[in-house]
Amino acid sequence: VQLQASGGGSVQAGGSVRLSCAASGRSFSMYGVGWFRQAPGQEREFVAAVSRSARTTIYADSVKGRFNISRDNADNAVYLQMNSLKPEDTAVYFCAARFTYRSVSDHNTASRAAYDVWGQGTLVTVSS
C-alpha cells in the first residue's frame with residue numbers, strides 16, 4: 001500500500017482543517033492507520049490512529065476533543081478533522097499505515113515504530 005496526505009494549508013487559530021490520506025492498493029482495509037506530526041526542530045509525534053476494523057480510535061492528549069480520525073475503506077481513505085486549531089498545532093502532518101492481522105483488528109498503537117508505510121507530509125500552519 002502507498003499513502004498520500006493532502007489538505008494542509010494556512011488557517012487562523014480557532015479554525016478547522018480536514019486532512020485526507022489516500023491509499024493505493026487493494027489491501028488497505030488490512031491496515032491500521034495513524035496520523036503523526038512534526039513541528040520544526042521537534043521530534044515526530046503521534047496525533048491519532050484508527051484500527052483496521054475502524055471500531056477503535058486513539059488520540060494524543062493534546063488533540064482529544066478537537067480532532068477526529070475516521071476511515072472509509074470503500075474510498076481507500078483516512079481523514080483527520082481538526083477543529084479549534086491552535087498555533088501549537090502547526091506542523092507537517094504525516095499519515096502512516098501498519099499491517100494488522102484480523103485477529104487483532106481492533107488494536108491501535110501510538111508507537112511510531114509500529115508503522116511501516118509512510119506518506120509524504122502535508123503542512124498545516126495555524127496563525128494567532
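Of the possible donor and acceptor atoms, one in the side chain of Y115 sits under 3.5 Å from a partner among the backbone N and O of T109. Without hydrogens or angle criteria, S53 side chain to S105 main chain gives a donor-acceptor distance under 3.5 Å. Side chain of T90 to main chain of V126: a donor-acceptor pair is present (N/O by atom type, distance under 3.5 Å, no hydrogens or angles). Of the possible polar contacts, one joining the R71 side chain to the S51 backbone as a donor-acceptor pair under 3.5 Å is found. No donor-acceptor pair under 3.5 Å is formed between the side chain of R55 and the backbone N or O of D106.
The shortest heavy-atom contact between L3 and A23 is CD2-CB, 3.7 Å. Summarising the geometry of L80 relative to A48, their closest heavy-atom pair is CD1-CB, 4.1 Å, with the distance given to 0.1 Å. Between S29 and N73, the shortest heavy-atom distance links the atoms CB-ND2, 3.7 Å. In this structure, N108 and V50 approach most closely via the heavy-atom pair OD1-C, 3.2 Å. Contact detail for R98 and H107: the closest heavy-atom pair is NH2-O, 2.8 Å. Here the closest heavy-atom approach between residue S128 and residue A13 is recorded as CA-CB, 4.3 Å.
Heavy atoms of other residues, nucleotides or ligands lying less than 6.0 angstrom from CD of E88 number more than 12. When the shell of 6.0 Å around CD of Q4 is examined, it contains 12 or fewer heavy atoms from other residues, nucleotides or ligands. Environment of CD in Q2: sparse, with no more than 12 heavy atoms of neighbouring residues, nucleotides or ligands closer than 6.0 Å.
Taking the six-membered ring where tryptophan is involved, the planes of F36 and W118 are tilted, since the angle between them lies from 30° to 60°. Ring geometry for F99 versus Y31: interplanar angle over 60°, hence perpendicular rather than tilted (30 to 60°).
To the nearest 0.5 Å, atom CG of residue N83 and atom CG of residue N68 are 8.0 Å apart. Residue F46 holds its CZ atom at 9.0 Å from OH of Y59, rounded to the nearest 0.5 Å. Between the CZ atom in R18 and the CE atom in M82 there is a gap of 11.5 Å [rounded to 0.5 Å].
Using a 4.5 Å heavy-atom threshold, the side chains of R37 and L19 count as separate. R52 is listed as a side-chain neighbour of M30, based on a closest heavy-atom distance under 4.5 Å. Contact check for F67 versus L85: side-chain heavy atoms found under the 4.5 Å cut-off.
No chain of hydrophobic side-chain contacts below 4.5 Å, direct or via other Ile, Leu, Val, Met, Phe, Trp or Tyr residues, connects V92 to V117. Both V104 and F28 belong to a common hydrophobic cluster when Ile, Leu, Val, Met, Phe, Trp and Tyr are linked at side-chain heavy-atom distances under 4.5 angstrom. V124 and F94 are members of different hydrophobic clusters when ILVMFWY side chains are connected at heavy-atom separations under 4.5 Å. Clustering ILVMFWY residues whenever any of their side-chain heavy atoms sit less than 4.5 angstrom apart, transitively, puts W35 in a cluster other than the one holding I58. In the hydrophobic cluster analysis, where Ile, Leu, Val, Met, Phe, Trp and Tyr join through side-chain heavy atoms closer than 4.5 angstrom, Y79 is grouped apart from V33.
Salt bridge K86/D89: absent, no basic N to carboxylate O contact under 4.0 Å.
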